[in-house]
Amino acid sequence: MLSQSQKRKIRPEAVSSAPGRPLPRAFFEVPPERVAPLLLGKVLTHNSSLGRMAGRIVEVEAYLGPHNIPPDPAAHSHRGPTPRNLVLFGPAGYAYVYTIYGRYFCMNVGCEIEGRAGCVLLRALEPISGLDQMARNRGLPRSAAARELTAGPSRLCQALGLTRIAHNGLDLTSASSVLQICDDGYPAPEVLITPRIGIHEAVDWPLRFALARHHCVSGSRAMRGHS
DNA sequence: CTGTGGATTTGCT
DNA sequence: GCAAATCCACAGG
């Protein structure tokens, strides 16, 4: 049983940035174009052996499952299940982490009910805690700007130490998971909606969502919503 | 500030 | 074989 004084030894940082419970599975059991804007402002946390790293989600993209009409030709799932994309066809709330261009990783969250493979790609975070470790993971000096750490889908994976082998298929809604997405009460943000980045099909679909004018959103000033 | 090209692994045709 | 939901270094304005 804890004494009063022991209870008060909780560090202020651990309280203020303490993630509540992870978002429940039901949060993710709707189509990705609806989940995506709701994820803005939520906090992604990785409790790794190197320490706890967390960042606020400031930019995402929705990718639609093959059941959609018309189907989304830019989605990895658009030709049906394969060994790579299998987790997307399972229940909502699981991490889909894949290798890109041989050297980087990208992380998605699976959406919708089992059998429907919609997902949301996490494209940028605002670093909240574990910044020193993030800089080490990125091979940058401790003085590096926040947006150098986590503005970009592969940058954020590198900063948090996320890999396909270790993290693909993890349940993000489990209280015991090392990888979680939580709501810390951040207010509903002003959302910028644009076409998706880095794709060659369906280039004009408005499925990229970002916090307007946030400095940790990837790309140029225009991509961040500045006039 | 913008634009260009190379790195390097994986999954699928 | 080849294309890929990227990043970085470097060139030029």
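Throughout, protein chains are lettered first and strands after them, A, B, ... in sequence-line order, and every chain is numbered starting at 1. Note: hydrogens, waters and symmetry copies are ignored here, and every other heavy atom, side chains too, is used.
- Residue A/Leu121 is in base contact, counting any heavy-atom pair closer than 4.0 Å across all strands shown.
- Of the candidate nucleotides B/dT2, C/dA5, C/dC8, B/dT2 has the atom lying nearest to any side-chain atom of A/Ser220.
- Regarding A/Arg221, its CZ atom lies at a distance of 15 Å from the C1' atom of B/dT2, rounded to whole Å.
- Under 4.0 angstrom from either OP1 or OP2 of B/dT10 there lies no side-chain N or O belonging to A/Arg103.
- When every heavy atom of A/Arg208 is checked against every heavy atom of A/Val217, the shortest pair comes out as NH2-CG1, 3.4 Å.
- In summary, the side chains of A/Arg155 and A/Thr150 do not present any donor paired with an acceptor at a separation below 3.5 Å, with no hydrogens or angles considered.
- Between A/His76 and C/dA5 there is a side-chain polar atom (N or O) within less than 4.0 angstrom of OP1 or OP2.
- Set against C/dT6, C/dA5, B/dT10, the side chain of A/Thr99 has B/dT10 as its closest nucleotide.
- Side-chain atoms of A/Arg84 lie closest to B/dG11 of the nucleotides B/dG11, C/dC7, B/dT10.
- Atom CD1 in A/Ile100 sits about 14 Å away from atom P in C/dC8, given to the nearest Å.
- Heavy atoms of A/Arg79 sit under 4.0 angstrom from primed sugar atoms or phosphate atoms, though from no base atom.
- Between the side chains of A/Tyr63 and A/His78, no donor-acceptor pair of N or O atoms lies under 3.5 Å.
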Practice item. Start with the C-alpha gap between A/Leu39 and A/Phe27, add the side-chain angles, then the distance that decides, and say whether side-chain contact (heavy atoms from CB on, under 4.5 Å) holds. Key: CA-CA 10 Å; A/Leu39 277 174; A/Phe27 180 93; 3.7 Å; yes
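- Donor-acceptor pairing under 3.5 Å is lacking for the side chains of A/His215 and A/Glu126.
- Using a 4.0 Å cut-off on heavy atoms, the residues of residues 159-172 of chain A that approach DNA chain B are A/Arg164, listed by number.
- One can place CZ of A/Phe105 at 14 Å from C1' of B/dG11, the figure rounded to the nearest angstrom.
- Under the 6.0 Å cut-off for aromatic ring centres, A/Tyr94 and A/Tyr96 do not qualify, their centroids lying 6.0 Å or more apart.
- Following rounding to the nearest Å, A/Leu140 (CG) and C/dC7 (P) show an atom-to-atom distance of 13 Å.
- Closest of all the heavy-atom pairs between A/Val120 and A/Pro32 is CG2-O, 3.8 Å.
- C/dA5 makes up no base pair with any nucleotide shown, lacking Watson-Crick or G-U wobble contacts both under 3.5 Å.
- Look at A/Tyr101 and the base of C/dT6; the rings stack, centres closer than 5.5 Å and planes less than 30° apart.
- Where A/Gln158 and A/Gly198 each meet DNA chain C at their nearest nucleotide, the meeting point lying more 5' is that of A/Gly198.
- Qualifying side-chain hydrogen bond (donor to acceptor under 3.5 Å, both in side chains) partners for A/Glu190, counting only residues two or more places apart in sequence or in other chains: A/Arg213.
- The separation between A/Arg208 atom CZ and C/dT6 atom P is 12 Å, rounded to whole Å.
- If you check B/dT8 for Watson-Crick or wobble pairing at under 3.5 angstrom, you find it has no partner at all.
- Stacking of the aromatic ring of A/Tyr63 onto the base of C/dA5 is found: the ring centres lie under 5.5 Å apart and the planes are inclined by under 30°.
- Atom C1' of nucleotide C/dA3 and atom NE2 of A/His200 are separated by 9 Å, given to the nearest angstrom.
- Remark: A/Arg138 is not in phosphate contact with C/dC7, judged by side-chain N or O atoms under 4.0 Å from OP1 or OP2.
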